[in-house]
Enquirer: 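Here it is: the structure, laid out below.
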Protein chains: 4
Amino acid sequence: MTVPERLISAATELFAAKGFDRVAVQEIVDRAGVTKGAMYHYFGSKDDLLHEIYGSVLRMQTERLEKIAAGDGPVVERLHAAASDVIVTSIDNFDQAKVYFRSADHLAEDKRLAMRSERRRYHERFRALVEEGQAAGVFRADVPADVTVHYYFGAVHHLATWYSPDGVLSAEDVGRHYADLLVGSLRP
Amino acid sequence: MTVPERLISAATELFAAKGFDRVAVQEIVDRAGVTKGAMYHYFGSKDDLLHEIYGSVLRMQTERLEKIAAGDGPVVERLHAAASDVIVTSIDNFDQAKVYFRSADHLAEDKRLAMRSERRRYHERFRALVEEGQAAGVFRADVPADVTVHYYFGAVHHLATWYSPDGVLSAEDVGRHYADLLVGSLRP
Amino acid sequence: MTVPERLISAATELFAAKGFDRVAVQEIVDRAGVTKGAMYHYFGSKDDLLHEIYGSVLRMQTERLEKIAAGDGPVVERLHAAASDVIVTSIDNFDQAKVYFRSADHLAEDKRLAMRSERRRYHERFRALVEEGQAAGVFRADVPADVTVHYYFGAVHHLATWYSPDGVLSAEDVGRHYADLLVGSLRP
Amino acid sequence: MTVPERLISAATELFAAKGFDRVAVQEIVDRAGVTKGAMYHYFGSKDDLLHEIYGSVLRMQTERLEKIAAGDGPVVERLHAAASDVIVTSIDNFDQAKVYFRSADHLAEDKRLAMRSERRRYHERFRALVEEGQAAGVFRADVPADVTVHYYFGAVHHLATWYSPDGVLSAEDVGRHYADLLVGSLRP
DNA sequence: CATGAATGAGTCTTCATTCAT
DNA sequence: TATGAATGAAGACTCATTCAT
């Protein structure tokens, strides 16, 4: 593992466990086994570290959503698959996901804006799926697609708060349940 | 408004806007128009302030849930009312709710435990409502009630991230939509 | 001596001896016998300390120049007195003057501008004296007054580099010599 | 341009613009288009760079002064030429001169001493010229030659603070004015 | 000759909290 | 009740220099 990888890895664990503001740069470099100077050689700031972790989750989930949404099954199935997939991948990369879900607003102004627009794209792709089903008449249309998407992502983000990999529910269990609830709630 | 009230009020606004760790005690007392000494006269620590804000939301919502759940209408209606009510009251006290939703893990160990058990009670009362419906056969039983409740509270907590009182959706709109989605998803 | 006074005094000595950039805040507070927190209670930054020292010299010298220039003797005598006075007061407050003469450009942008305009006023008052003599025909006019003033202030600022209070020359000696040279150079 | 030349050149510009302590080695090598390793291959330290720049100005000016002083015209003319020459060459090599004039005390102990004695030699050669005129009765003797020389060099050093090559005054203009003032002030 | 990763000591600044008054 | 001066520990970040390659 290279030094920057070790740093990212250490930062991910710590940010996930204590939150960005509660982690000192010193702790990160100690855990990575390097000195502060080394960290600032690779990353411009503590914020950069967060940004990097952020980006990797967002990129991965965006790619997967795109692929699933572009499939050719019925929209109900595609939405179910997408809803389930975001849960499974979040749990499979739980520390990264925790950081992503909880530290959104800790980024400095400039990076926050860049991130925001990437995020919006994800949100919109998901919403398009819901709207497609509404247009096709298979989803209820009395609740705005936008509200539904916020509703579902709330549930997803909250995973970081209650889910434990050591419990009885596997990632797939939760994915299936959540997707069932979402799709179920959209029945006309 | 008394001094402690002014302090709570100032702290609520600031914590809601920037997050607990990003607010200095000095900012709070400045906004409240008092000095630091005064704050430490009334509150033992910065944490205490958070605890106070926390408590007030949780207490209020617990009381209301209790009353609604204990009503005598059909369980579907009671769940819908409870689901909608938590949204409306959260939006009506949006700053307090934001603090409550986002700063859970910032409390010191001892206070966190106290808080946790209050929280669990609320969660369990809500879950009981779902289970009641499942037992009565009006709610689907293939998704554990526990998962459903986490799912819904995720959506609720996420309000703090996306909802704006200045937008087109009123508190009641969102309450109705969210409750519709929840109840809809529980149909067998 | 109050704490802020002790801080200013310690900072003056240290800045004079080593230059602004070579002095650590820690050294200043150690010498003043307080902690860093105390310093930041009274001064917003290390720059503020510099600004304070700066200001006091500049204010004093401006006031004295104003008074001397406004006198009613012949212009030759007033210029001689002003030229001599700036030397004597600089030597009497040698540490402060050293800081003033050598650390001009170390101030942060905003404070530098404020300072600059005060400084210009001083320069212009002095120049007006030279121009008055030129208009009266008692000073040569082939060298622009502006150049002469820069020339003389260069000599003054340089005091910090070579003069020592322990040498054979008293402040008055240097003042007289410098003023003699200036007035002598302006003879037609 | 060789690598060491590029480094010297970059360092000169940066030191002149921001002062020795405000320039990072990284900036210098970036501007020179090389890496830090390369710099430390050619120069022992950041101080060395300063020393090099220093030396070149001082050496050049010493040589020229020597030549001018050893001429065979009247002492008044030789002093005027020397006084004017130091201005013109300082302005022609303005960045180097700025560094030389302003960063005197930033050198490490050992190098500072070496520099000091070279400097003294220059000062003494100049003073000898003044004393020669005093002995010949063409310069006033009531102001010590030593003081006069400090006085004049102050004016020279101060150029770095106010002179701009883009203004209306050419190097020769300033040289003539300054020399006129010096020679004028020495009239008996 | 030259790279660039890594060091380690040092920089300024922030802040929750205490305490004499 | 309330002040505000003072503390002390911790915070993020910088930078000249070294060294294996």
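Here is how names work: the chains are called A, B, and so on, in the same order as the sequence lines, proteins then strands, and each is numbered from 1. Quick caveat, the model's predicted, so the values are computed rather than measured. Side chains are part of it too, since the values below use all heavy atoms of this structure and drop only hydrogens, waters and symmetry mates.
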Enquirer: Give the rounded distance in Å between these two atoms: CD of D:Gln26 and P of E:dT3.
Expert: 12 Å
Enquirer: Does the A:Arg6 side chain pair with the main chain of A:Ala32, one donor and one acceptor, at a distance under 3.5 Å?
Expert: yes
Enquirer: Please confirm whether the shortest side-chain N or O distance from D:Tyr42 to OP1 or OP2 of E:dC1 is below 4.0 Å.
Expert: no
Enquirer: Which heavy atom of A:Leu14 sits nearest to which heavy atom of A:Val23, and what is that distance?
Expert: O-CG2, 3.5 Å
Enquirer: Round to the nearest Å and state the distance from B:Asp30 atom CG to F:dT3 atom C1'.
Expert: 14 Å
Enquirer: Given F:dA5, is OP1 or OP2 found less than 4.0 Å from the side-chain N or O atoms of C:His41?
Expert: yes
Enquirer: Nearest whole Å is fine: how far is F:dT1 P from B:Leu7 CG?
Expert: 14 Å
Enquirer: Taking any heavy-atom pair under 4.0 Å as a contact, classify D:Val23: base, sugar-phosphate, or nothing.
Expert: sugar-phosphate
Enquirer: Tell me the interatomic distance from A:Leu49, atom CG, to F:dA12, atom P, rounded to whole angstroms.
Expert: 11 Å
Enquirer: Going by purine N1 to pyrimidine N3 plus the second Watson-Crick contact, or the G-U wobble pair, all under 3.5 Å, which nucleotide sits opposite F:dA20?
Expert: E:dT3
Enquirer: Rounded to whole Å, how long is the line connecting atom CZ of D:Arg22 with atom P of F:dT14?
Expert: 14 Å
Enquirer: Paired with E:dT14: which nucleotide, if any, by Watson-Crick or G-U wobble criteria at under 3.5 Å for both distances?
Expert: F:dA9
Enquirer: Could you check A:Ala24 against D:Asp47 and say which one's nearest nucleotide on DNA chain F is further toward the 5' end?
Expert: A:Ala24
Enquirer: Heavy atoms only, 4.0 Å cut-off, all strands: where does C:Ala38 land among base, sugar-phosphate and nothing?
Expert: base
Enquirer: Please tell me which of D:Gly33 and A:Gly33 maps to the more 5' nucleotide of DNA chain E, matching each residue to the nucleotide holding its nearest heavy atom.
Expert: D:Gly33
Enquirer: Give a yes or no on whether a donor-acceptor pair under 3.5 Å exists between the nucleobase atoms of E:dT7, that is its base, and the side chain of A:Lys36.
Expert: no
Enquirer: Heavy atoms from C-beta onward define the side chain here; which of F:dC13, E:dA16, F:dA6 lies closest to that of A:Ser45?
Expert: F:dC13
Enquirer: Does some side-chain heavy atom of B:Tyr40 sit less than 4.5 Å from a side-chain heavy atom of B:Val25?
Expert: yes
Enquirer: Would you say C:Tyr40 places a side-chain N or O within less than 4.0 Å of OP1 or OP2 belonging to E:dT13?
Expert: yes
Enquirer: How many Å lie between CZ on B:Arg6 and P on F:dT1, as a whole number?
Expert: 14 Å
Enquirer: Mind calculating the distance between CZ (D:Phe15) and C1' (F:dA16) to the nearest angstrom?
Expert: 12 Å
Enquirer: Does E:dA9 have a Watson-Crick or wobble partner in any strand here, with both distances under 3.5 angstrom, and which is it?
Expert: F:dT14
Enquirer: Could you walk me through whether A:Glu27 and A:Lys18 pass the salt bridge (charged side-chain N to carboxylate O under 4.0 Å, His left out) test, one step at a time?
Expert: CA-CA 11 Å; A:Glu27 293 180 74; A:Lys18 319 204 304 181; 2.9 Å; yes
Enquirer: State whether D:Lys46 places a side-chain N or O below 4.0 Å from either non-bridging phosphate oxygen (OP1 or OP2) of F:dA16.
Expert: yes
Enquirer: For A:Ser90 and A:Gln61: C-alpha separation, side-chain torsions, deciding distance, then whether side chain to side chain donor-acceptor pair (under 3.5 Å) applies.
Expert: CA-CA 9 Å; A:Ser90 292; A:Gln61 298 199 330; 3.0 Å; yes
Enquirer: Ring pair (Phe, Tyr, Trp, His ring centres under 6.0 Å) with B:Tyr100: which of B:Phe94, B:Tyr54, B:Phe15, B:Tyr122?
Expert: B:Tyr54
Enquirer: In this structure, how many angstroms lie between the C1' atom of E:dC12 and the CZ atom of C:Phe43, rounded?
Expert: 16 Å
